Amino acid sequence: MNKPRTSVFGSVYFVLMAVFLYLPIMILIIFSFNDSMVLAFPLKGFTFEWYRQLGNAHELLISARNSVWVGVLSSLVAVVIGAIAAIALTKRHMPARNVFLSLASVPLVMPSIVLGVAMLVFFRRVLGMELNMWLIAAAHVLISIPSTILIVMARLADFSYNLEEAAMDLGANYWLTLIKVTIPISLPALVAAFLTAFTTSFDEYAMTTLITGTDTTLPVYLYSLLRFPRRLPVAVAMGSIIMVISAILVVLAEWLRRLGTNRIPKED
């Protein structure tokens, strides 16, 4: 059997792409251990001081707590709505299926700054509401729904609906079949969708900064720290932690997505 030949151009392209994507992240992590307030080479020394100061940065920790709260809440809501929509979209008899899918995918391709302006006008001018964390969570649901729909749909694409029919033949109604058969088989996809939505919400800045009230999320607060050079190393340390955690969540979501694909029974 002939082994596929590796393209030199493809290998060089992959290496350059990896360097372009990950070199800035690695530099930021290196600077988080630099024993200097100046983010420049050469490094002055190695220290954990900036990570230690994170424990005393109360406003920074509060903004991180807000981001986690918003991320968990918006991701749960987005997964519920996205899963229901994905189950409906995988049914062949659903009317206007392609139109609904196209409309649901609009937030995925629309710039976040445009969505932020639209949300600001809707919340303030139309509804007359004061900006708060609940509205930020609602806005994050909007941008998370498209990805959850696509992830769950990808898992249900090869799902054997004979399993549902068999469960109904044994006396289960549609909702019991959904709870006992469809959801357990799709659970890895649901967890992957939740992790993806949480990462999207936790890292969102452009839209959030337009609808932030007195309380703020971590990305917005970190950006505000850029005006204070003496506090910048602490922001870099927190940014390094966020990048590592985000990378872990993305890898975990991809692993769960592949796990869900391998476990889905296919139709004969």
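As the structure is a prediction and not an experimental result, all values here were calculated from the model.
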Is there a donor-acceptor contact under 3.5 Å from the side chain of [X] to the main chain of [Y]?
{"X": "Ser75", "Y": "Val72", "result": "no"}
{"X": "Asn132", "Y": "Leu135", "result": "yes"}
{"X": "Trp69", "Y": "Ala137", "result": "no"}

State, yes or no, whether a side-chain contact exists between [X] and [Y] at a heavy-atom distance under 4.5 Å.
{"X": "Val79", "Y": "Val191", "answer": "no"}
{"X": "Val70", "Y": "Ser201", "answer": "yes"}
{"X": "Thr148", "Y": "Ile81", "answer": "no"}
{"X": "Val117", "Y": "Leu210", "answer": "yes"}
{"X": "Leu60", "Y": "Leu218", "answer": "yes"}

So which heavy atom on [X] is nearest to which on [Y], and how close?
{"X": "Met119", "Y": "Met207", "value": "CG-SD, 4.5 Å"}
{"X": "Ser112", "Y": "Glu204", "value": "CB-OE2, 3.5 Å"}
{"X": "Thr212", "Y": "Leu131", "value": "O-CD1, 3.9 Å"}
{"X": "Ala86", "Y": "Ile149", "value": "CB-O, 3.8 Å"}
{"X": "Pro233", "Y": "Trp50", "value": "CB-CD2, 3.4 Å"}
{"X": "Ala237", "Y": "Tyr51", "value": "O-CE2, 3.7 Å"}

[atom1]/[X] to [atom2]/[Y] distance, rounded to the nearest 0.5 angstrom?
{"X": "Ile29", "Y": "Ser240", "atom1": "CD1", "atom2": "OG", "answer": "5.0 Å"}
{"X": "Asp215", "Y": "Trp134", "atom1": "CG", "atom2": "CH2", "answer": "12.5 Å"}
{"X": "Ile248", "Y": "Leu195", "atom1": "CD1", "atom2": "CG", "answer": "11.5 Å"}
{"X": "Leu61", "Y": "Tyr221", "atom1": "CG", "atom2": "OH", "answer": "9.0 Å"}
{"X": "Ser63", "Y": "Met238", "atom1": "OG", "atom2": "CE", "answer": "7.0 Å"}
{"X": "Leu89", "Y": "Met153", "atom1": "CG", "atom2": "CE", "answer": "5.0 Å"}

Please determine whether the number of non-hydrogen atoms from other residues, nucleotides or ligands lying under 6.0 Å from atom CZ of Phe46 exceeds 12.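 For Phe46, atom CZ is crowded (more than 12 foreign heavy atoms under 6.0 Å).
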Would the number of heavy atoms belonging to other residues, nucleotides or ligands and lying under 6.0 Å from CD of Glu49 be above 12?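 Yes - once you tally the heavy atoms of other residues, nucleotides and ligands closer than 6.0 Å, there are more than 12.
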Identified side-chain contact (heavy atoms from CB on, under 4.5 Å) counterpart of Met133 within the set Thr217, Thr214, Leu73: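 Result: among Thr217, Thr214, Leu73, Thr217 is the only option passing the side-chain contact (heavy atoms from CB on, under 4.5 Å) with Met133.
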In this structure, would [X] and [Y] fall into the same cluster of hydrophobic residues linked by side-chain contacts under 4.5 Å?
{"X": "Leu142", "Y": "Ile84", "result": "no"}
{"X": "Val15", "Y": "Met26", "result": "no"}
{"X": "Leu190", "Y": "Leu76", "result": "yes"}

Are a donor atom and an acceptor atom from the side chains of Ser74 and His140 found within less than 3.5 Å of each other?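 Their side chains do not contain a donor-acceptor pair, so the 3.5 Å distance test is not met.
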Phe198 vs Phe194 aromatic rings, parallel, tilted or perpendicular, using cut-offs 30° and 60°?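 Rings of Phe198 and Phe194: parallel, under 30°.
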What orientation do Phe33 and Phe48 show, parallel under 30°, tilted 30 to 60°, or perpendicular over 60°?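 Phe33 and Phe48: perpendicular rings.
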